[in-house]
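To find a chain, count down the sequence lines: A is the first, B the second, and so on, and within it residues start at 1.
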Amino acid sequence: MQNLDEFLSEPVNNQKISEKRKAKSESNEPNLKKEIIENNAKSFLLGVGYDGDKGLAYAKLYDFKSDKIVLWFDDTGHKPYCISDQPIEVLEENKDLVSHSGFDHFEEIEKYDPITDSQKKMTKIVARDPLSIGGRPIGCIRDIIKAWEADIRYAENYIHDRNLEIGMPYEVKDGKLIPSKFELPDSILADLEKTLEDELDEFKKLSYNWARLLECPVPEFMRASIDIEVYSPIETRIPDPNEAEYPIICISIIGTDDFRQVLLLKRENIPEESESISLDADIIFFQTEKELLSYFFKCIGKYPIIVTFNGDDFDLRYLRNRAQSLDFEKEQIPIELGRDYATIRKGIHLDLYRFFFNRSIQVYAFGQKYREKSLNEIGSSLLNVGKKEITKPISELTYSELAIYCYRDAEITINLTKFDDSLLIKLMILLARISYMDIEDVTRQGVSGWIRSMLFHEHKKRNYLIPRQDEILEFKGRTVSEAIIKGKKYKGAIVVEPTPGVHFGVSVLDFASLYPSVIKIWNLGYGTVNCPHEDEECKNNKVPNMSHWVCKKRKALESLLIGSLRDLRVNFYKPKLKDPNLSDNMRSWYRVVSDGLKVVLNASYGVFGADRFALYCPPVAEATAAIGRYVIQNTIDKAQSLGIHVLYGDTDSIFFESSDQMQLKNLIEWSKNSMKLELEVDKEYKYVALSSRKKNYLGVYSDGKVDIKGLTGKKRHTPKFIKNTFYEMIDKLSEVESKEEFEKIKGEIKNIVKKCYLKLKNREYSLEDLAFSIVISKSPERYTKTTPQHVKAAQLLMEKGIDIKRGDLITFVKVVGETGVKPVSLASINEIDSQKYVEYIDSIFDQVFDPMDIDFQELIGATKLEKFF
DNA sequence: GCGGACTGCTTACCT
DNA sequence: ACAGGTAAGCAGTCCGCG
């Protein structure tokens, strides 16, 4: 494959492609599907499962010829196992073990143990089935003896042991599963080589492998979204999918092949409508629910991939259980349920809710574009299309209303996978490649699961023993620093005391991926921090200001893996994205790669301090943070010795008065030479307004763009009327070019705030304008220690019979009287406590007035005088 | 019995 | 179920006060 660019420009490859798209695809040669077949890549590996009846692992392959998922069953005789440190002779004495029904045989093996830095003779205990190792509530092999690698899911183990690359092209030849050749294009190879000049061979090898995975083009996959509606006799209650008590009255299916159907159940007492339903879809009525479901199951059978929004917990679960209670045979229902997931037999189910719920995805991949995780909110913010509004309960809708409502949900769902050139699917594939994880698992697990899988894969590839969690803790000891926040395990980052005032000409420098860089440069990992070597070389290699030391003899896997990913992002993909010659298709793919790497890198330090992480190692996290503090403090000290004025800093960034660009250059040089860390100019502000508060500033670029960080005026819960006033003020501030102009607009800003104050006093704002909106993060009854205001408001709503769940957004206003607050829906405008609101305005604008030397009290005091005259 | 000082809880944010 | 650090508001408690 030489021309990656052309592959990426390939349009949807479908058999039932619409006429319009067909024309487009013909004009758009070469065809990726054709190319892939010519290159013997007939399919893509999307995941691995285990078939309990056959007792075999199987690969799920997306076959391009048929656009179906094809299963390939293991032919290598791979079996579930765990590992013991006892020799076979000893284990043979263990009656419970050798007589266990799932026990198969022992094998003598050798493993490298990173904790002790030694080769170890160990015994592989091979079992007949995965559940015998672990998974049953009692009597598993891992409960009988102390075992290693015993709680890795079998399918995951299979991926690692067979070194399978999920999301990459494969083919089945003579019954064997073999990877299709995909080599890095020469041009990419040459570019990459340049960035890797000074690295160790081991590091280079890893980097090339990553690049091969990241550069392989991602084709389009045929898929369909589904959404169901269920009848409910009680309007406020959502039917329980485990009971599946009530009939499914509507199902929408939308395929990427332009298949669009809405299936409706005929019911009594639903008025016939004279006009036909106006939807760009086939509407099909069914007399019985059984007919409807049969038809539906046939429809989705065509699709290799089904996407839903919350299908794990609702749609698929309901469908399966409902079909069962309608006496469908098990084989007739193409849905399989797990404890907390649902999937399609011979298919892939992607639950977008699960993926969007993931905080890393929300924050780093989508930049907080959506705040709540509802289909309406996500659809509105990413597609500009929200759910269809309905004013009646589902069960009372007419056929037409019901069809339109249900269809819209399916439409948003499928479009979420299609927008921005199928960005979402590409992101999932990318994460599957980095983590060597089944694509369904990628969407369901968090970033710690991905990183765990990536590290496990590398362990197995190198025949390293994967340590037990208790082992790491026992050998590596605890943390030695004290956190500033009560209840935290160790000390974190430094935040520099800001210099209050309005500063013109500010450069912000930061370390590119500071923590991943530290992990790379300092060779951090559970095997290297506090390594077992007795000699001085290691023990003297202290983490600054700390008793921990770092190994000088061995390379940590974490350091190599995280380091190589970091370098690829910083030295390769980020510069490529800045290249004006990059084509649109490549740019969009590189954006995905860069964002995917960002997600993984941003979490790569935190996982070592998370006690549920499989390779939890507090000293690694603590050392990383400590080195981070050392680095930024050293840099600040150096800057001051160079005479550069430091205004503020946080973790990995420093704000400088940028009078002397030459000096900043010197600082960057110094950082590279003395600490091997890349310090770079991140932002240049026309001016920055700093109050005395940390994590709280306003920065204006020369083009007028404004960064607002931490200011309450921007926060989600702030009432609309204050937000609007706040942004009116920001608009004014964005125009300011100099100190002199600044003085001039002060009056205008005062007027803006004064206007707001007067409108409030005259009760000209609506309840919606005045509403605070705060997420209730726990179920209301679980607030036992205190009753915060939003919980009080929630309680008032519950008294009215409204159901409040955790995660709901509570909107309330401050009122005079006992409770102090009332939900918007229950309050009236004349009970508003305007005094409280004045205090609130004061506090919000003080964050900006403080550096500007404006006095709020004086401002409203003046107002009173004016009114007087 | 009351108000100010204090601590702790909660949410939303920053890196 | 990636981490720790900070701001802010409010709830609840303690303490002094002839």
Check whether any side-chain nitrogen or oxygen of A:Lys714 sits under 4.0 Å from OP1 or OP2 of B:dC14, and answer yes or no. yes

Counting any heavy atom closer than 4.0 Å, what does A:Gly606 reach on the DNA or RNA strands: base, sugar-phosphate only, or nothing? base

Rounded to the nearest angstrom, tell me the gap between atom NZ in A:Lys785 and atom P in C:dG9. 23 Å

Identify which nucleotide among C:dC2, B:dT10, B:dC13 has an atom closest to any side-chain atom of A:Ser448, counting heavy atoms from C-beta outward. C:dC2

Under 4.0 Å from OP1 or OP2 of B:dT15: is there any side-chain N or O of A:Lys709 that close? yes

Base, sugar-phosphate or nothing for A:Tyr490? Non-hydrogen atoms, less than 4.0 Å. sugar-phosphate

A:Ser777 near the nucleic acid: base, sugar-phosphate alone, or nothing, with a heavy-atom cut-off under 4.0 Å? sugar-phosphate

About how many Å separate CZ of A:Arg569 and OG of A:Ser564, when rounded to the nearest 0.5 Å? 14.5 Å

Between A:Tyr783 and B:dT11, does any side-chain N or O lie under 4.0 Å from OP1 or OP2? yes

If you take the centroid of each ring, where Trp contributes its six-membered ring, are A:Tyr436 and A:Phe456 closer together than 6.0 Å? no

If only side-chain N and O atoms of A:Arg693 are considered, is one of them under 4.0 Å from the OP1 or OP2 phosphate oxygen of C:dA8? yes

If you find the nucleotide of DNA chain B closest to A:Arg782 and the one closest to A:Gln368, which residue's nucleotide is nearer the 5' end? A:Arg782

Short side-chain donor-acceptor distance under 3.5 Å, A:Ser773 and A:Arg716: no

Presence of salt bridge, A:Arg566 and A:Glu678, under 4.0 angstrom: yes

Euclidean distance, atom CD1 of residue A:Ile654 to atom P of B:dT15 [Å, nearest integer]: 14 Å

Could you check which of C:dG4, C:dC2, C:dA7 has an atom nearest any side-chain atom of A:Gln847? C:dA7

Would you say a side-chain N or O of A:His790 is under 4.0 Å from OP1 or OP2 of B:dT10? no

Looking only at side-chain N and O atoms, does A:Thr787 come under 4.0 Å of OP1 or OP2 in C:dC10? no

Please determine whether a side-chain nitrogen of the Lys or Arg among A:Asp340 and A:Arg444 lies less than 4.0 Å from a carboxylate oxygen of the Asp or Glu. no

Under 4.0 angstrom between A:Ser653 side-chain N/O and B:dT15 OP1 or OP2: no

Can you tell which of C:dG5, B:dT15, C:dA3 lies closest to the side chain of A:Asp652? B:dT15

For the side chain of A:Thr786, counting heavy atoms from C-beta on, which of C:dC2, B:dT15, B:dT10 is nearest? B:dT10

Return the value, rounded to whole Å, for the distance between atom CD1 of A:Ile484 and atom C1' of C:dA3. 14 Å

Is A:Lys486 close enough to C:dG4 that one of its side-chain N or O atoms is under 4.0 Å from OP1 or OP2 there? no

Phosphate oxygens OP1/OP2 of B:dT15: is one of them under 4.0 Å from a side-chain N or O of A:Tyr697? yes

Students often get this wrong, so: under 4.0 angstrom with heavy atoms, is A:Ile485 touching a base, only sugar-phosphate, or nothing? base

Nearest of C:dG4, B:dC13, C:dC10 to any side-chain atom of A:Tyr605? C:dG4

Does A:Ser604 reach a base, just sugar-phosphate, or nothing at all? Heavy atoms under 4.0 Å. nothing

Residue of the set A:Phe355, A:Phe357, A:Tyr370 for which side-chain contact (heavy atoms from CB on, under 4.5 Å) holds with A:Gln362: A:Tyr370

With a 4.0 Å cutoff (strictly under), does any side-chain N or O of A:Lys488 reach OP1 or OP2 of C:dG4? yes

With sugar-phosphate meaning primed atoms plus P, OP1 and OP2, does A:Val791 contact a base, only sugar-phosphate, or nothing at under 4.0 Å between heavy atoms? nothing

Would you kindly give the CD1-to-C1' distance between A:Ile722 and C:dA8, to the nearest whole Å? 13 Å

Return the value, rounded to whole Å, for the distance between atom NZ of A:Lys792 and atom P of C:dA11. 4 Å

For A:Arg468, is there any backbone N or O sitting under 3.5 Å from a side-chain donor or acceptor partner on A:Glu471? yes

First encountered from the 5' end of DNA chain C, between A:Val447 and A:Tyr840: A:Val447

Could you state the CD1-P distance from A:Ile844 to B:dA12, rounded to the nearest angstrom? 14 Å

What is the nucleic acid contact for A:Arg629, judged by heavy atoms within less than 4.0 Å: base, sugar-phosphate only, or nothing? nothing

Ignoring backbone atoms, establish whether A:Lys778 has a side-chain N or O less than 4.0 Å from OP1 or OP2 of B:dT10. yes

Give the nucleotide from the list B:dT11, C:dG5, C:dT6 with an atom nearest to the side chain of A:Lys694. C:dT6

By the 4.0 Å heavy-atom rule, please label A:Ala610 as base, sugar-phosphate, or nothing. sugar-phosphate

Presence of A:Lys695 side-chain N/O under 4.0 Å of B:dC14 phosphate oxygens OP1/OP2: no

